[in-house]
Amino acid sequence: MNTNLNGWTASHAKKAWNFFISTLAIMVSSVALHSYTVREGKCTVIVAESASALNASVPLVSTASSSTGLIFFILSITLRRSKSTYIKLIIVGLIVLTPPLLGYNRNWYIMDAKSTFSTDGRIFNCGGTLGKHCCVQFHNSTVMDEEKRAVVDILNSIECQFYMLIDLIRNSKNKQQSIDMRLLGNTIFKQSSHNSAVHEYILQLYSLSAMGLPPGSEDLATVYANRSAVMIHLWMYEDCIKEIDRAMNIAKNDLLKIKLFCRKARCLHALGLEGKEDVMRKAEALFNNVKNGPSGKTFADLMRRTKLSLDVPIKHKNLSVRDDKKSARVEDLHKKYIINDFSLVDVQYNEKYGRHLVAKRDINPGEIIFIEEPYMHCLDLVRGYTYCFHCLTTCLLTIPCDYCGWAMFCSEECKQQAWVKYHDLECAVYAFAKDNDVGDGVKRMAVKSIICAVREAGGVDQLRDELKAFDSCTDKLKGFVKDGKIQSSGFKSIYALSSNTSDKAEPIHKHNTIMILRALVRNTKYFGKKPGFEKTEELKKDDKVLFLGSLVYKLSKIFQLNSRIIPNGRDFCTSGLDARICENKQCCTTGLYIAPITSLLNHSCIPNVKMCFSNNYSVIVYAVQPIKKGSQLFDCYQQEFYEYNISPRQKHLEKTYNFNCDCKACKEKWDIVEYEVVSKKNLKKNAPEWRLADEYLQLIQAIHDKKIELSEKHIDILTRGIKKACQSLNQPSFMTTNLIRALNVVFRRLYGIEFMIPDKCNND
Ligand SMILES: C[S@@+](CC[C@H](N)C(=O)[O-])C[C@H]1O[C@@H](n2cnc3c(N)ncnc32)[C@H](O)[C@@H]1O
């Protein structure tokens, strides 16, 4: 008798194999008898008599269909004669069963008995049709399949059924609120003491007032006239003339026109331009019509004062909202660096970080790594008095969309371009999707990008086909690298960005999806207008709805993770918080933007790169620490280690970005140290730190206090300091941190998006 070390005999082994094979056969055949698979579009559906049969069947049946099960059973009975047959049978069994066993839980979804889902355009109803338990495996499961399942859940939710059925009030212009804002603006303007913050507030009130007024109305002409009064008050004569002409085009009231002519004559005089006499003649002609009326005396006085002022030489030169020196500097930068040239970096992928950027050579602090043009931006709704919603140009005299109460443009051209490109639909869709939340940018980005993507593709069906083809490509770097070169591919690059949000953010994305989908269904012609279509039972059957719904859901997540803040124009946010968590949203953000390659930067609490949103609609990514060839570039998603303690820092990253940070600062538990106080007294008596403080502290202080005119040379000086600090000091160190912070201020001031409202004015 053959005995092995454990006392097992061949007959034991034979019995064991026998038992194993029989059990396997019984399981398979029982599944075969109690469940069956249906190939439905891109899915395999297993239908079973009971939940337990379903659970048993999932790992087995995923590839072994009922017929395979039967064959298996028959084979095990008829062929169990020789050892080699067993071996063959086992090999076949392993081949058949291993992939599904490994795949169990990954691609199989147990559906509840009543759930309905779409399989590649067709509807499969688990309960309704079959009355049995079922689960489904999505073959070639694409990213969108995940979202489709979520959308079915969303459509089933009570919140969705509620919003689909109720009639929401269109969020649009509000004339009374506009008039109230204008009157408040007038009251503040009449007060005697003004500084730039007051000027800004007055302009904000007037522009918000303009937003809510119908086109061509006398009220709108009055608001424009009031803004022109602010402009002349601020010695911004050229802007004042533009605003006067705008008001004049719609004004019907003679009294208003006389005021405007008088103001225009003063501006022409201040600018030394011809034409003031002609303008005064027009004012005189109108004055003759009103001089005997109730306002005759007031206007006679105005005419007299204006004529007198035209004889006095003007000492103030024209001011402008744009900083010309900065514009020239940014233009020079664009001559030196090609926009969207990513030759200093590589995109790579690994399991831990996903896609990430890696330096192709050693990079010095202060060096610009690349400049990227964003794919899209979205201004905060209250910022319409400083920037154009369409081109983001600095503009204090924006004009409103004719229909909605939030979009403001720098010119008629921008207004028209935006209308043709996206705003005609955005205006209607967002009117119903808008919540009264200042930080609604993610939702608005989703609306705008869907509209643009559908248009660019030529329709919803075409977009679906394009994305399907894109999904079928398994390249991890798709959308970002083409023919070995980093290159973004428009909407597809946005679509390819990470949507790995945490479960905690789910309610927001679901709500965004409901609100946008509702507006797309009810306020666009994307789906045709079938009666009763807004009923969620109907919507669930429509593959176009499921497709667009899932796209909205995915984009909401993508924008939450990948969009970055356009910082407050003039300075650092007081708290430095991420605008999406900052309680005082207006303090630190102008809006959001998304730039695909920049979005591939992963996070570290001690970042080696920083971004600056330039005043020429581009994102400048520059190094703040020495970066070795082959190492990863890291940005900081919220606050750096010196601004936020480790625990809230990590909680926020986990909650918003769904990962656990293990950068050096987190591993070594670096907490806030008193970095803010720029004084040598705070330094430990550490020789290298003292030496660097002697060399740089005064400059750093002067930069923060705006005491010096900055230039590129300051970038070089700080760069040298950072290099020395990184080489000679143990980190974290006071001097390294402060040198890097000063470098960020310099970049922001030299190139950053900014608007200027003068402090000085005619009250001085
Ligand atoms: C803006 S994306 C960055 C690019 C991303 N790696 C990709 O492949 O698209 C943000 C996501 O990247 C991942 N990520 C960022 N920083 C990380 C880090 N330090 N460690 C691990 N994952 C990180 C997280 O999943 C996070 O939600």
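Just follow the structure's listing: the first ligand is 1, and inside any ligand the first atom is 1.
Among residues two or more places apart in sequence or in another chain, the side chain to side chain donor-acceptor pair (under 3.5 Å) test is passed with Tyr163 by none.
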Residue pair Asp440, Tyr430: steps toward the side-chain hydrogen bond (donor to acceptor under 3.5 Å, both in side chains) verdict: CA-CA 10 Å; Asp440 212 22; Tyr430 191 64; 2.5 Å; yes
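Within the structure, salt bridge (charged side-chain N to carboxylate O under 4.0 Å, His left out) pairs that include any residue of residues 479-501 comprise Glu466-Lys492 (at least two apart or interchain).
Aromatic pair Tyr751/His334: centroids not less than 6.0 angstrom apart.
The immediate protein surroundings of ligand 1, defined as residues with any heavy atom under 4.0 Å of it, consist of Lys352, Tyr353, Gly354, Arg355, Ser498, Asn500, Leu561, Asn562, Ser599, Leu600, Leu601, Asn602, His603, Tyr637, Tyr657, Phe659.
Results of the side-chain contact (heavy atoms from CB on, under 4.5 Å) test with Val151 over Val545, Asn156, Leu546, Ile514 single out Leu546 as the only residue that passes.
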Under 3.5 Å, which donor-acceptor pairs do the side chains of residues 363-377 form with other protein atoms, sequence neighbours left out?
{"unit_1": "Asn364", "atom_1": "OD1", "unit_2": "Lys723", "atom_2": "NZ", "d": "3.4"}
{"unit_1": "Glu367", "atom_1": "OE1", "unit_2": "Asn364", "atom_2": "N", "d": "2.9"}
{"unit_1": "Glu367", "atom_1": "OE2", "unit_2": "Arg361", "atom_2": "NH1", "d": "3.1"}
{"unit_1": "Glu367", "atom_1": "OE2", "unit_2": "Arg361", "atom_2": "NH2", "d": "2.6"}
{"unit_1": "Glu372", "atom_1": "OE1", "unit_2": "Ile597", "atom_2": "N", "d": "3.4"}
{"unit_1": "Glu372", "atom_1": "OE1", "unit_2": "Thr598", "atom_2": "N", "d": "2.8"}
{"unit_1": "Glu372", "atom_1": "OE1", "unit_2": "Thr598", "atom_2": "OG1", "d": "2.6"}
{"unit_1": "Glu372", "atom_1": "OE2", "unit_2": "Ile597", "atom_2": "N", "d": "2.9"}
{"unit_1": "His377", "atom_1": "ND1", "unit_2": "Tyr617", "atom_2": "OH", "d": "3.0"}
{"unit_1": "His377", "atom_1": "NE2", "unit_2": "Phe389", "atom_2": "O", "d": "2.8"}

